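Lettering of chains follows the sequences in order, A, B, ..., and the numbering in each one begins at 1. Owing to the predicted nature of the structure, the values given are computational and were not obtained by experimental measurement.
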2 protein chains.
Amino acid sequence: MKHITIKDVAKRLNCSVSTISRAFNDKYDIRKETRDMILATANEMGYSPNPMAKSLLKQCSNQIGVVVPEFINPFFPEVIIGIQEVFHKNGYQVLIMQSNESYIHELENVKALENNMVDGMILSLSLETKNVEYYKKMVSQGFPLVLFNRVSNELETHKVLIDDYKWAFFATEHLIYQGYKKIFHFSGPDGLMFSKSRKNGFIDAHRKHKLMVDNGSIIETGLMIGDGEREMEKLIKNNDLPDAIFAVNDPTAIGAMMVLKKSGLKIPGDVALVGFTETHLAQLIDPPLTSVAQPTHEIGRTAALLLLDQLENKGIFIPQTVVLNGRLNVRESSMKLSNG
Amino acid sequence: MKHITIKDVAKRLNCSVSTISRAFNDKYDIRKETRDMILATANEMGYSPNPMAKSLLKQCSNQIGVVVPEFINPFFPEVIIGIQEVFHKNGYQVLIMQSNESYIHELENVKALENNMVDGMILSLSLETKNVEYYKKMVSQGFPLVLFNRVSNELETHKVLIDDYKWAFFATEHLIYQGYKKIFHFSGPDGLMFSKSRKNGFIDAHRKHKLMVDNGSIIETGLMIGDGEREMEKLIKNNDLPDAIFAVNDPTAIGAMMVLKKSGLKIPGDVALVGFTETHLAQLIDPPLTSVAQPTHEIGRTAALLLLDQLENKGIFIPQTVVLNGRLNVRESSMKLSNG
DNA sequence: TTGTACGCGTTATCAC
DNA sequence: GTGATAACGCGTACAA
C-alpha cells in the first residue's frame with residue numbers, strides 16, 4: 001500500500017515538486033499546457049495530494065468533527081445528516097464519533113479529533129459530562145465549537161436548541177386540557193439542562209392552571225426505554241397509577257407504554273402518554289404516541305451553518321444561541337376517551 | 001488555538017526534542033528521573049504528541065475507518081457499536097462516515113479515510129455501488145479491508161455475513177407452514193447480493209413444498225419504509241391482495257403494515273407479514289412483526305476482530321468469510337388466525 | 001544518557 | 001515560468 005507522492009510524479013515528469021504542487025493549487029504562475037499535462041499524468045498514476053501533510057503545514061484540515069452521545073435512537077443520526085449536508089456542500093469532510101454517554105469517551109473523542117486537526121467541532125454532551133473545563137479551555141483559545149441540545153451554560157459558544165421549557169409546558173397543558181388530573185412526569189437526570197427545563201415546564205403548566213404538583217408525581221427516571229419500563233413497573237406494583245404521564249423523551253414513554261400494554265392497561269383510558277423529541281418511531285408504535293417533535297434535520301443544518309460562519313470569519317465572534325421551533329404532534333396516546 | 005509542540009517543551013526544559021520524544025516513547029535509553037520530569041512538565045503544559053505528524057512519519061495512524069450506507073435505521077449504528085467496542089479496547093480510534101446510499105459519497109469517504117492514513121477499513125456497500133474497481137485496487141495493494149452485509153463477490157477480503165438465503169428460506173417456509181397459499185415477496189434491488197439471496201430463498205422454499213411462484217408475486221420494491229408503502233398501495237388499488245408477504249427487510253414490511261392498517265385491513269387475517277433484519281423496532285410496532293434477527297452487535301465485533309487480525313499479522317492473509325447465525329423471531333404479524 | 005540531523009509529503013518563499 | 005529550500009511536528013539512526 002505505497003502511497004504515490006508528489007515526488008513520484010516529479011521524477012516521472014522530470015520536473016521539480018514545486019511545479020507539481022503549483023499545478024494542483026492552480027496558481028497563475030504556471031503554463032497551462034504544463035499544468036494540464038501534469039494533472040493528466042498525476043491522475044493516471046493515481047496521485048492526489050496527501051491532506052495530512054497539507055494539514056501539518058497549514059495547521060488546518062478542512063475537516064470537522066462531530067461527537068454525539070449515542071446513535072441507537074434515530075435522533076442524533078438525523079441531526080448528523082443535516083450537518084453533513086451543509087459541510088459536504090462546502091468541501092469539508094465530517095468525522096463522526098460517539099461517546100456512548102460516557103464522559104471519558106467523550107473527552108477522548110474530542111482530543112482525538114483535535115489531534116486530527118479538525119478545524120472545528122460540533123458537540124452534544126454525554127449524560128455523565130459535568131466537568132467542562134477542557135472544553136472551556138478550547139473555547140477560550142479560540143477553537144470553534146458549536147453545541148446542540150445537550151449544552152452547558154458554562155461554555156460561551158454558539159448553541160442550537162429548542163425551547164424545552166416552552167414545549168414541555170405545552171405538552172403538559174395539552175394533558176390538562178384533555179381533562180387529566182393526576183399527571184406524572186418521568187424526568188431525566190437533573191444535571192442535564194434540557195431535562196431540568198422540561199421539568200420546569202411541567203411544573204409551571206400546573207401552576208398556571210392552579211393545579212398542585214404532588215411530591216411523588218415527578219419521578220427521576222432516566223432516558224432509555226429500560227428506564228421507562230422500570231419506573232412503570234414500580235408504579236403498577238405500588239398500585240399508584242396516574243391518569244397521564246408526560247415523559248422527558250420518547251424512549252421512556254415507549255418503555256412505559258410497553259409495560260402498560262403487557263399489564264393489560266389501556267393507553268389512553270387507564271393511562272395517557274406524551275413523549276418528547278419525536279423520531280419516526282412515535283408514529284409507528286401502537287397506539288401512536290403524542291410527542292414534541294424537534295426539527296432534527298434543521299438542528300444539524302443550523303449548527304453546521306453557525307460553525308461554518310465561525311470558521312470563515314475568524315476574527316469577530318459573538319456567541320449566538322439559536323432556538324428552533326418544535327411542534328406538539330397530538331396522537332392517540334393522549335386522547336380523552338370520553339371526547340372521542 | 002496554538003498547539004503545544006515538542007519544541008515548546010524542549011525549550012522550556014532546556015533539552016533537545018529527541019529527549020522529549022524518548023520520554024514519551026518509553027525507550028530504555030533515558031534516565032528514569034529525566035523521563036518522569038519531562039512527562040510531568042509536558043502534562044502540565046498540556047502537551048501531547050501530534051498523531052498526524054506521527055502518522056506522516058510512520059505511515060500509519062492507529063485509526064480505522066468505517067463507512068456505512070446510512071444510519072436512519074438502527075441496524076448500522078448497532079453494528080458500529082460492536083466495532084467500536086473491539087477497537088477501543090485495542091487502542092484504535094474509529095472514524096465513521098456515511099455514504100447516504102450514494103456511490104460517489106462512498107468513494108469520497110473511502111478516499112478521505114485513506115488520506116487520513118487509517119490503518120484499515122470496514123465497509124458496507126451502498127445501494128448504488130456496482131463498480132468496485134477502486135476497492136479492488138486497494139485490496140490488491142494489500143490495504144486491509146473488511147466487508148459486512150453489503151459485500152461484493154469481486155473483492156477478496158474478509159467478509160461477515162449471515163446466510164440470507166437460508167433465513168429467507170426459513171421465513172418463507174414459516175408462512176407456508178402457517179397455511180398461507182398466496183405469498184408475495186417484496187424484494188430489494190437485484191444488484192445487491194443479499195437481496196438476490198433472500199429472493200432465491202423465497203423461491204426455493206416454494207419449490208421444496210411444490211408450490212408455484214407466480215410471475216406477479218415477486219415485486220421489486222426497494223429498501224425503505226416509503227417503498228413498502230408505495231407497493232402496498234398499488235396492490236390494494238389493483239385489488240390483488242396476497243395472504244401473506246415476505247419483505248426483504250423490516251422497513252418495507254413496516255411500510256406495508258402502515259398502509260394496510262390505514263385501509264382497515266387486518267394483520268394477520270387479511271395479510272400476514274414477515275420482515276428481515278430485525279431491529280428493536282419490530283417488537284414495538286403493532287402488531288409485533290415476525291422478522292429474521294441479525295446479530296448486529298456480533299457482526300460488528302466479528303468484522304473488527306478480523307480486521308484487527310489482519311492489521312497485526314501483516315504477512316499472511318487468507319480471505320475469510322464468516323457466516324453468523326440469524327434467528328426467526330415469530331410474532332403476531334404472521335400467525336394463522338384459525339390456529340390462534 | 002543525551003544531542004544532531006534527516007525524512008515523512010506538502011506548500012510558500014525565494015531565487016533564477 | 002520553473003527550481004531549490006525551509007517549515008509543519010515528530011521519531012530515530014547516528015554521533016557525542
Side-chain angles (χ1 to χ4, degrees), chain A residues 1-39 41-42 45-63 93 111-119, chain B residues 1-39 41-43 45-63 111-119:
Chain A
M1 198 55 206
K2 178 72 174 72
H3 231 170
I4 294 138
T5 77
I6 202 171
K7 285 184 191 164
D8 300 324
V9 185
K11 202 166 290 171
R12 167 83 106 75
L13 261 53
N14 269 326
C15 67
S16 77
V17 289
S18 25
T19 310
I20 312 289
S21 175
R22 263 189 281 264
F24 272 87
N25 291 288
D26 210 6
K27 305 281 179 186
Y28 296 102
D29 52 356
I30 186 169
R31 239 178 44 217
K32 195 174 174 320
E33 314 160 29
T34 328
R35 202 191 69 127
D36 291 346
M37 203 258 291
I38 289 175
L39 255 40
T41 35
M45 293 173 73
Y47 165 78
S48 70
N50 181 334
M52 291 198 83
K54 207 186 290 191
S55 303
L56 195 58
L57 193 61
K58 300 241 210 132
Q59 302 283 43
C60 80
S61 65
N62 261 13
Q63 292 187 134
Q93 293 291 335
K111 287 181 182 172
L113 289 170
E114 231 184 331
N115 286 331
N116 268 291
M117 294 191 182
V118 294
D119 301 343
Chain B
M1 196 55 205
K2 178 74 176 72
H3 231 171
I4 295 139
T5 79
I6 201 170
K7 283 184 193 164
D8 300 324
V9 185
K11 202 166 293 172
R12 167 84 105 73
L13 260 55
N14 269 327
C15 70
S16 78
V17 289
S18 40
T19 309
I20 313 288
S21 174
R22 264 189 281 265
F24 272 88
N25 293 286
D26 210 8
K27 302 284 179 185
Y28 300 103
D29 51 358
I30 186 166
R31 239 175 46 217
K32 195 175 175 319
E33 315 158 27
T34 329
R35 203 191 67 127
D36 289 346
M37 201 259 291
I38 289 175
L39 255 40
T41 35
N43 189 39
M45 295 175 68
Y47 166 79
S48 70
N50 180 334
M52 290 197 82
K54 206 187 290 193
S55 302
L56 197 58
L57 192 61
K58 299 245 212 129
Q59 304 283 39
C60 79
S61 65
N62 260 11
Q63 292 187 133
K111 288 182 182 172
L113 288 170
E114 232 185 328
N115 286 331
N116 268 292
M117 292 191 181
V118 293
D119 300 344

Open item on the list: Between A:Gln93 and B:Asn116, is there a side-chain donor-acceptor contact under 3.5 Å, judged purely by atom types and distance?
Closed with: no
Task: Protein-nucleotide distance (B:Lys7, atom NZ; C:dT4, atom P), rounded to Å - done: 13 Å
Open item on the list: If you compare all heavy atoms of A:Ile38 against all heavy atoms of A:Ile30, which two are closest, and at what distance to 0.1 Å?
Closed with: CD1-CD1, 4.5 Å
Open item on the list: Is the phosphate of D:dT2 approached by A:Arg31 (side-chain N or O, under 4.0 Å from OP1 or OP2)?
Closed with: yes
Task: B:Asp36 bridged to B:Lys32 by N-O distance under 4.0 Å - done: yes
Task: Closest listed nucleotide, where the reference is the side chain of B:Ser18 and the choices are D:dT12, C:dG9, D:dT2 - done: D:dT12
TODO: Can you tell me the distance, in whole Å, between the CG atom of A:Asn62 and the P atom of C:dT10?
DONE: 16 Å
Open item on the list: Just the rounded figure in Å: distance from P of D:dG9 to CD of A:Glu114.
Closed with: 14 Å
Task: OP1 or OP2 of D:dG3 under 4.0 Å from side-chain N/O of A:Thr19 - done: yes
TODO: Go through C:dG3, C:dC8, C:dT13 for me and flag the one nearest to the B:Ser16 side chain.
DONE: C:dG3
Task: Contact under 4.0 Å: B:Lys54 side-chain N or O vs C:dC8 OP1/OP2 - done: no
- [ ] Between D:dA13, D:dT5, D:dT2, spot the one nearest the side chain of A:Val17, thanks.
- [x] D:dT5
Task: Check: A:Arg22 side chain, D:dG3 base, donor-acceptor under 3.5 Å - done: yes
Task: A:Gln59 side chain near D:dG9 phosphate (N/O to OP1/OP2, under 4.0 Å) - done: yes
Task: Distance test, side-chain N/O of A:Thr34 to OP1/OP2 of D:dG1, below 4.0 Å - done: no
Open item on the list: Distance check needed: D:dC8 C1' versus B:Ile4 CD1, whole Å only.
Closed with: 16 Å
Task: Minimum-distance nucleotide (side-chain atoms of B:Lys58 versus D:dG11, C:dA12, C:dG3) - done: D:dG11
Open item on the list: Just the rounded figure in Å: distance from P of D:dT5 to CD1 of A:Ile20.
Closed with: 18 Å
TODO: Take A:Met52 and B:Cys15, find for each the nucleotide of DNA chain C with the closest heavy atom, and name the residue whose nucleotide sits nearer the 5' end.
DONE: B:Cys15
Open item on the list: Under a plain distance cut-off of 3.5 Å, with no hydrogens placed, do B:Ser18 and B:Ser21 share a side-chain donor-acceptor pair?
Closed with: no
Open item on the list: Whether B:Asn50 contacts D:dC10 is assessed here as follows: a side-chain N or O lying under 4.0 Å from the phosphate OP1 or OP2. Is that the case?
Closed with: no
Open item on the list: Quick check against the 3.5 Å criterion: does A:Asp119 have a side-chain atom that pairs as donor or acceptor with the backbone of A:Cys60?
Closed with: no
